[in-house]
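What follows is a short report on a single structure.
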Amino acid sequence: MKISSKDNPLVKYLVRLYENKKERDESNKFIVEGYNLVSEAKKQGLLDKVFSIKEEDDYKDAIIVTQDIIKKITNTVTPEGIIAICNKKKDLNLGNKVLYLDSLQDPGNIGTLLRSAVAFNFDTVVLDECVDLYNPKVIRASQGAIFYLNILSNSLSELKSLGYKIIGTEMFGTALNNYKSNDSKLVLILGNEGHGVRSEYLEFSDINLTIPMNSIESLNVGVAGSILMYELNKK
């Protein structure tokens with residue numbers, strides 16, 4: 001199948017899916033761009049339809065489209081020439097290490113944290129009033145990590161009732177290097193880029209940690225969260 005018109009109904013649907021969270025939520029689908037992300041989606045069995053500017057040996061059923069159509073659908077400056085519709089993961093499980101993101105709004109930060117979560121054995125992520133997980137900028141920044149995580153919506157109270165230790169983060173908490181833990185089930189809360197973790201969550205936490213630093217007051221949440229996950233994974 002080939003599509004050459006930007007007015008094709010399928011192209012218009014792809015634009016809506018790319019740009020509109022409501023469309024993604026209602027269809028339970030999202031779009032990935034580039035060979036790496038399309039390949040990761042294929043490995044996880046989540047591919048629905050592939051669109052490419054040329055025939056692909058790995059995707060025999062790919063729909064051929066023009067480069068102009070790819071540019072119309074995406075906002076990438078130099079798109080690779082391949083995109084795909086993916087199905088959202090189903091039958092997710094609650095793992096032992098949970099990353100809880102409180103009101104993060106920068107897609108790059110979330111993507112970075114998703115990659116670090118996979119790297120440091122935090123296999124479950126909860127997004128609480130954050131930018132949409134399936135925002136194309138988050139997907140690109142995650143570099144495929146999204147396919148290896150359980151994305152759930154459990155509340156902190158639910159997690160605590162299930163025996164998880166709740167760990168908040170703040171500027172004047174317990175120093176990370178002084179924290180000793182052998183908790184097999186834990187939740188790490190990271191807060192909004194400007195305001196940090198909301199006060200009621202800090203009060204609810206079992207402990208609030210801080211990273212000891214020289215000269216500067218704070219780190220980018222993506223950097224700080226990665227350090228915390230690395231250290232908690234070691235412990």
* Asked: Ignoring hydrogens and geometry, is there a side-chain-to-backbone donor-acceptor pair from T210 to A175 under 3.5 Å?
  -> no

* To do: Run the salt-bridge test on D48 and K29 with the 4.0 Å N-O cut-off and return the result as yes or no.
  => yes

* **Reported NZ-to-CZ distance for the pair K234 and F120, which is rounded to 0.5 angstrom** => 10.5 Å

* Just do the side-chain contact (heavy atoms from CB on, under 4.5 Å) check on K12 and D7 with the steps written out, would you? => CA-CA 7 Å; K12 292 181 178 180; D7 294 324; 4.2 Å; yes

* Calculate, to the nearest 0.5 Å, the distance between atoms CG and CD belonging to L37 and Q143 respectively. => 6.0 Å

* Asked: Less than 4.0 Å between a side-chain N and a carboxylate O, is that true for D106 and K137?
  -> no

* Backbone N or O of R198 within a donor-acceptor pair of the D102 side chain at under 3.5 Å? -> yes

* Between CZ of R140 and CG of N135, what distance do you get to the nearest 0.5 Å? -> 8.0 Å

* Check for a donor-acceptor pair, side chain of K71 on one end and backbone N or O of T78 on the other, with a separation under 3.5 Å. => no

* Going by the angle between their ring planes, with limits at 30° and 60°, are Y100 and Y201 parallel, tilted or perpendicular? -> perpendicular

* Asked: Quick check: does any side chain N or O of E80 sit under 3.5 Å from a backbone N or O of Y35, one acting as donor and the other as acceptor?
  -> yes

* To do: Search all heavy atoms of S142 against all heavy atoms of I139 and return the closest pair with its distance.
  => OG-O, 2.9 Å

* Asked: S116 versus F122: any side-chain heavy-atom pair under 4.5 Å?
  -> no

* **Exercise: identify the closest heavy-atom pair between K97 and L232** => CE-O, 4.2 Å

* **Partners passing side chain to side chain contact (heavy atoms under 4.5 Å, CB included) against M213 (at least two apart in sequence or in another chain)** => I211, I216, L219

* **Min side-chain heavy-atom separation I31-Y134 under 4.5 Å** => no

* V126 and N154: which non-hydrogen atoms are nearest, and at how many Å? -> CG1-O, 3.5 Å

* Asked: Within the distance-only criterion (no hydrogens, no angle test), does the side chain of D183 pair as donor or acceptor with the backbone N or O of K185 below 3.5 angstrom?
  -> no

* Establish, from distance only, whether the side-chain atoms of N93 and N150 form a donor-acceptor pair under 3.5 Å. => no

* To do: Working to the nearest 0.5 Å, report the span between OG1 of T66 and CD1 of I69.
  => 3.5 Å

* From I167 CD1 over to L228 CG, what is the distance, rounded to the nearest 0.5 angstrom? -> 9.0 Å

* **NZ/NE/NH1/NH2 to OD/OE distance under 4.0 Å, K42 and E40** => no

* Is it true that the side chains of Y164 and E158 contain a donor and an acceptor less than 3.5 Å apart? -> no

* L209 backbone acceptor or donor facing T174 side chain under 3.5 Å -> no

* For T124 and G95, indicate whether the former's side chain and the latter's backbone hold a donor-acceptor pair under 3.5 Å. => yes

* Is the shortest heavy-atom distance from the side chain of Y59 to the side chain of S39 under 4.5 Å? -> yes

* To do: State, yes or no, whether a side-chain contact exists between K89 and L46 at a heavy-atom distance under 4.5 Å.
  => yes

* Asked: If you take all heavy atoms of L104 and L190, which pair is closest and at what distance?
  -> CD1-O, 3.6 Å

* With side chains defined as the heavy atoms from C-beta onward, is the minimum distance between V38 and I83 less than 4.5 Å? -> no

* Is there a side-chain contact between L10 and I63, using heavy atoms and a 4.5 Å cut-off? -> yes

* Structure fact -> One should read off an interatomic distance between L133 CG and L149 CG, to the nearest 0.5 angstrom, of 8.5 Å

* To do: With the side chain counted from C-beta on, respond yes when I189 and L156 share a heavy-atom pair under 4.5 Å apart, and no when they do not.
  => yes

* Looking only at heavy atoms, what is the nearest atom pair of L113 and S226, with distance? -> CD2-N, 4.1 Å

* Asked: Is the count of non-hydrogen atoms from other residues, nucleotides or ligands lying under 6.0 Å from E55 atom CD greater than 12?
  -> no

* Asked: Do F204 and K160 come close enough that some side-chain heavy atom pair is under 4.5 Å?
  -> yes

* To do: State plainly whether the residues K21 and E26 are in salt-bridge range, i.e. N to O under 4.0 Å.
  => no

* Asked: Taking atom types as modelled, is there a side-chain donor on E33 or Y18 under 3.5 Å from an acceptor on the other?
  -> yes

* Cut-off 3.5 Å, side chains only: do N192 and Q105 have a donor facing an acceptor? -> no

